[in-house]
S.K.: 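Quick one: this structure, given as structure tokens, is what I'll be asking you about.
Residue numbering restarts at 1 for every chain, and letters A, B, ... go by the order of the sequence lines.
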Number of protein chains: 2
Amino acid sequence: MRMGRPREFNAETALDQAMEVFWRHGYEGATIAQLTEAMGINPPSLYACFGNKEGLLKAALDRYTKLRGVWMDEVVAASTARDVAERMLMGIAEKQTDPANPPGCLLVQGGIACGTGSENVPFELAARRAQNEDQLRDRFVRAKADGDLKESADPAALARYVSAVAVGMGVMASSGADREALRQVASVAVQAVEAQSADRA
Amino acid sequence: MRMGRPREFNAETALDQAMEVFWRHGYEGATIAQLTEAMGINPPSLYACFGNKEGLLKAALDRYTKLRGVWMDEVVAASTARDVAERMLMGIAEKQTDPANPPGCLLVQGGIACGTGSENVPFELAARRAQNEDQLRDRFVRAKADGDLKESADPAALARYVSAVAVGMGVMASSGADREALRQVASVAVQAVEAQSADRA
DNA sequence: CCAGATATGTAGTGTTCACTACAGATGTGG
DNA sequence: CCACATCTGTAGTGAACACTACATATCTGG
């Protein structure tokens, strides 16, 4: 099988750069010119590798969720529902104000509302957020089975709640909230999960 | 003083239509063509009246926050911090899934991330969200003075928290969450405020 | 009824956008 | 070394964008 000329850039490294541009400017706000410059390639290379702008976004999202997936696994490994919530929300306070990345969360910054021709981008992002929520829900179902959560607790509602707080924190971070402010939000938010937790024996 | 030809459209009615377009598509996603069609006017009328696209957004935001301000006044009129939070978050569950409006909140949908040339739009929206947060904080300061909130409670943190949950609910609503899902989130969220409330005498 | 002022509709403007044609470069299999 | 396949850089493409020039229409004050 003929191989042709090998590509001169590393796809994952380029994706990391593209991810940052989408993260900072959103899907619609990011231009191909910005993306190619950040990636260090020219438009034909981008299109040959990722298809089109939306394909590039999806590839960037895949990479983002893959990296986040490792962290989420650590989150749900906490021993109680309360600790899961705390680990997640406190971790988000750190990550979303990490100067190494743009503020906020790519799954929010990517695009909440889009114009004609990009209507499915918000849905794409929502689907990825829903994955996190599902993972949380599964963990809370187990917490309830363990007697860690009260009998009256609704694992799905709790997961939706934690997910909603996470999104809200992301928006706050992107509009300039500092780490301490996010920690305060996380701290208050955890108390709602605590209120659903069974009393310690 | 010479008056000239009177304008043939009602500015507030036109603004309501523009508001809906921004709400549904975001600032960058909304095009002048969509806006003028929804407003029932031609571009020159839009520019003569509102200056430019960003001026139109600000006018629409003014109208939005004015309408919301009336409702926020009712929210903070609740008798306890807990009831303020409940009234606000349950009200948001209703409003953000009201079929009369696009889902979610204009202050979020308008634009979380924007491209070059519109960088200040997200800040403009954040400033308006901060106004709500300030109003909540003032109310919670009073609640603490009243002995309604615990001595250990941080009114600013609580306000930030409720504000963050509100934003998160807005994002969820815009990505298809139904009213019941939002009510569940609100219900859980209120419990964190309850945990900060003083025990009833 | 006239002069000045403002609004309107038509029909554009230049710019920027996502995307690509094409020619040359660089690899592999025979 | 040759045929072929794939990548790369240059230099565009048409379309969509925010915005506007201009002629015309409709008002007020005198």
S.K.: Just the rounded figure in Å: distance from P of D/dC17 to CD of B/Glu37.
M.R.: 12 Å
S.K.: Can you give me the N/O atom pairs linking the protein to nucleotides 20-25 of chain D at distances under 3.5 Å, or say none if there are none?
M.R.:
{"unit_1": "D/dA25", "atom_1": "N3", "unit_2": "B/Arg5", "atom_2": "NH1", "d": "3.1"}

S.K.: Hey, are B/Gln109 and B/Arg24 close enough side-chain-wise for a donor-acceptor pair under 3.5 Å?
M.R.: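 Checked: B/Arg24/B/Gln109 side chains show no N/O donor-acceptor pair below 3.5 Å.
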S.K.: Are A/Asn120 and A/Glu54 close enough that some pair of their side-chain heavy atoms sits under 4.5 Å apart?
M.R.: yes
S.K.: Taking all heavy atoms of A/Pro103 and all of A/Trp23, pick out the closest pair and write down the distance.
M.R.: O-NE1, 3.5 Å
S.K.: For the pair made of NZ in B/Lys53 and P in D/dA16, what is the distance, rounded to whole Å?
M.R.: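 Distance check: B/Lys53 NZ to D/dA16 P gives 16 Å.
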S.K.: Can you identify which nucleotide, out of C/dT10, C/dG27, C/dC19, has its nearest atom closest to the A/Pro6 side chain?
M.R.: C/dG27
S.K.: D/dC7 P sits how many Å from A/Met39 CE, rounded?
M.R.: 14 Å
S.K.: In whole Å, I'd like the distance from the CG atom of B/Leu35 to the C1' atom of D/dA16.
M.R.: 15 Å
S.K.: What are the two closest non-hydrogen atoms of A/Ala173 and A/Gln96, and how far apart are they?
M.R.: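 Heavy atoms of A/Ala173 and A/Gln96 come nearest at CB-O, 3.7 Å.
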S.K.: Among the nucleotides C/dT8, D/dT8, D/dT28, which one has an atom lying closest to any side-chain atom of B/Ser45?
M.R.: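 Between C/dT8, D/dT8, D/dT28, the one nearest the side chain of B/Ser45 would be C/dT8.
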S.K.: Atom OH of A/Tyr27 and atom P of C/dC17: how far apart are they, to the nearest Å?
M.R.: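 Nearest whole value for this atom pair: 14 Å.
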S.K.: Please find the pair of heavy atoms, one from A/Ala164 and one from B/Val185, that lie closest to each other, and give the distance.
M.R.: CB-CG1, 4.0 Å
S.K.: Please give, in whole Å, the distance from C/dT6 C1' to B/Ile41 CD1?
M.R.: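 Result: 15 Å.
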S.K.: Give the rounded distance in Å between these two atoms: CZ of B/Phe9 and C1' of C/dG9.
M.R.: 13 Å
S.K.: In whole Å, I'd like the distance from the CD1 atom of B/Ile32 to the P atom of D/dA18.
M.R.: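 Checked: the CD1 to P distance equals 5 Å.
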S.K.: How are the rings of A/Tyr27 and A/Phe22 set to each other: parallel, tilted or perpendicular (split at 30° and 60°)?
M.R.: parallel
